[in-house]
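Working notes for the structure below.
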Amino acid sequence: MTTQGPRIVNLADTPPNQRRGGDLRAMLTPATVGATSGFMGLAILQPAERIGEHYHPYSEEFVYVVSGLLEVDLDGETHELRPDQGLMIPLNVRHRFRNVGDVEARMVFHLGPLAPRPELGHVDTEHTGGAVQEPPERAGAAS
């Protein structure tokens, strides 16, 4: 295994993924920076946009709300998320996010550890109707 040094990745250089709803940017991943313990990105949701329900069988997900007003359903129970709040989602907990405010919402996400194979890292439980694009796991991320 090659050891890689620190890397800076610009949001503008990260391709958008709208497959699950919203605009998901997997920024620091095995493919982009050689990460081995997990990956990090930014979710951007316009008013009324959502990220469809899914779960992670191998990873915990950590979320930090930067801006906007979100609701998250955790195994069917709705919770409000505001700026400067963090959330830890355990393994196998079904979750979906909705922007319920009238401005763009941004949240940072981190998942770890990585799944044994990228295609195993994320299980969709509903179709969001978003544009079908290559999911981050094909780019080396697990979600």
Side-chain angles (χ1 to χ4, degrees), residues 4-143:
Q4 195 163 337
R7 293 252 339 260
I8 295 173
V9 175
N10 292 312
L11 182 66
D13 297 332
T14 306
N17 178 331
Q18 298 169 326
R19 180 172 178 251
R20 295 182 174 102
D23 177 354
L24 303 178
R25 307 285 180 110
M27 296 179 64
L28 306 176
T29 71
T32 62
V33 297
T36 60
S37 63
F39 67 96
M40 190 277 299
L42 181 71
I44 305 167
L45 294 167
Q46 298 306 317
E49 278 190 323
R50 68 188 176 100
I51 298 170
E53 186 184 76
H54 61 282
Y55 66 93
H56 309 282
Y58 295 94
S59 305
E60 295 174 329
E61 183 168 5
F62 300 85
V63 171
Y64 177 78
V65 180
V66 176
S67 63
L69 179 61
L70 297 167
E71 283 184 347
V72 59
D73 296 332
L74 301 169
D75 279 343
E77 185 176 330
T78 301
H79 303 270
E80 193 174 86
L81 287 175
R82 296 182 176 277
D84 294 331
Q85 288 186 321
L87 166 67
M88 193 281 281
I89 304 169
L91 300 176
N92 294 312
V93 171
R94 291 177 181 227
H95 53 284
R96 72 167 66 83
F97 295 92
R98 288 180 299 284
N99 181 344
V100 295
D102 57 3
V103 299
E104 177 181 274
R106 289 180 172 232
M107 69 177 183
V108 175
F109 59 87
H110 177 271
L111 285 92
L114 295 171
R117 293 194 322 268
E119 67 275 9
L120 299 176
H122 187 108
V123 179
D124 290 313
T125 54
E126 71 179 355
H127 177 69
T128 59
V132 176
Q133 295 185 3
E134 197 67 12
E137 58 266 73
R138 300 290 184 244
S143 172

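In what follows, every heavy atom counts, from backbone to side chain, and hydrogens, waters and symmetry copies are set aside.
- For Glu49, there are no salt bridge (Lys or Arg N to Asp or Glu O under 4.0 Å) partners at least two apart in sequence or on another chain.
- Residues satisfying the side-chain contact (heavy atoms from CB on, under 4.5 Å) test with Asp124, not counting sequence neighbours, are Arg19, Arg20, His54, His122.
- Among residue pairs with one or both ends in residues 30-40, none qualify as salt bridge (Lys or Arg N to Asp or Glu O under 4.0 Å); sequence neighbours excluded.
- Contact record, Ile51 with Gly21: CG1-O, 3.8 Å, taken as the closest heavy-atom pair.
- With sequence neighbours excluded, the residues that form a salt bridge (Lys or Arg N to Asp or Glu O under 4.0 Å) with Glu126 are Arg50, Arg96.
- Partners of Val100 under the side-chain contact (heavy atoms from CB on, under 4.5 Å) rule, at least two apart in sequence or in another chain, are Leu69, Glu71, Arg98.
- Summarising the local packing, CG of Asp13 is surrounded by more than 12 heavy atoms from other residues, nucleotides or ligands at distances under 6.0 Å.
- Between Leu81 and Val72 the shortest heavy-atom distance is CD1-CG1, 3.7 Å.
- In this structure Val103 satisfies the side-chain contact (heavy atoms from CB on, under 4.5 Å) test with no other residue, sequence neighbours excluded.
- Residues passing the side chain to side chain donor-acceptor pair (under 3.5 Å) test with Thr78, sequence neighbours excluded: Asp73.
- Taking OG1 of Thr14 as the start and CG of Leu28 as the end, the distance is 8.0 Å to the nearest 0.5 Å.
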Enumerate donor-acceptor pairs with a distance under 3.5 Å from any side-chain N or O in residues 37-47 to protein atoms, sequence neighbours excluded.
{"unit_1": "Gln46", "atom_1": "NE2", "unit_2": "Glu104", "atom_2": "OE1", "d": "2.7"}

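- Contact check for Glu61 versus Val63: side-chain heavy atoms found under the 4.5 Å cut-off.
- Judged as a side chain to side chain donor-acceptor pair (under 3.5 Å), and not counting sequence neighbours, the contacts of Asp84 are Tyr64.
- Between His95 and Tyr55, the shortest heavy-atom contact is CE1-CA, 4.0 Å.
- Among all heavy-atom pairs drawn from Pro57 and Gly121, the shortest one is CD-O, 3.8 Å.
- For residues 21-47, the pairs satisfying salt bridge (Lys or Arg N to Asp or Glu O under 4.0 Å) are Asp23-Arg25, with sequence neighbours left out.
- Between Thr32 and Met27 the shortest heavy-atom distance is OG1-O, 2.7 Å.
- Side-chain N or O atoms of Asn99 include none that pairs as donor or acceptor with a backbone N or O of Leu70 at under 3.5 Å.
- Residues passing the side chain to side chain donor-acceptor pair (under 3.5 Å) test with Asn92, sequence neighbours excluded: none.
- Scanning all heavy atoms of the two residues, the minimum distance from Thr36 to Leu114 falls at O-CD1, 3.6 Å.
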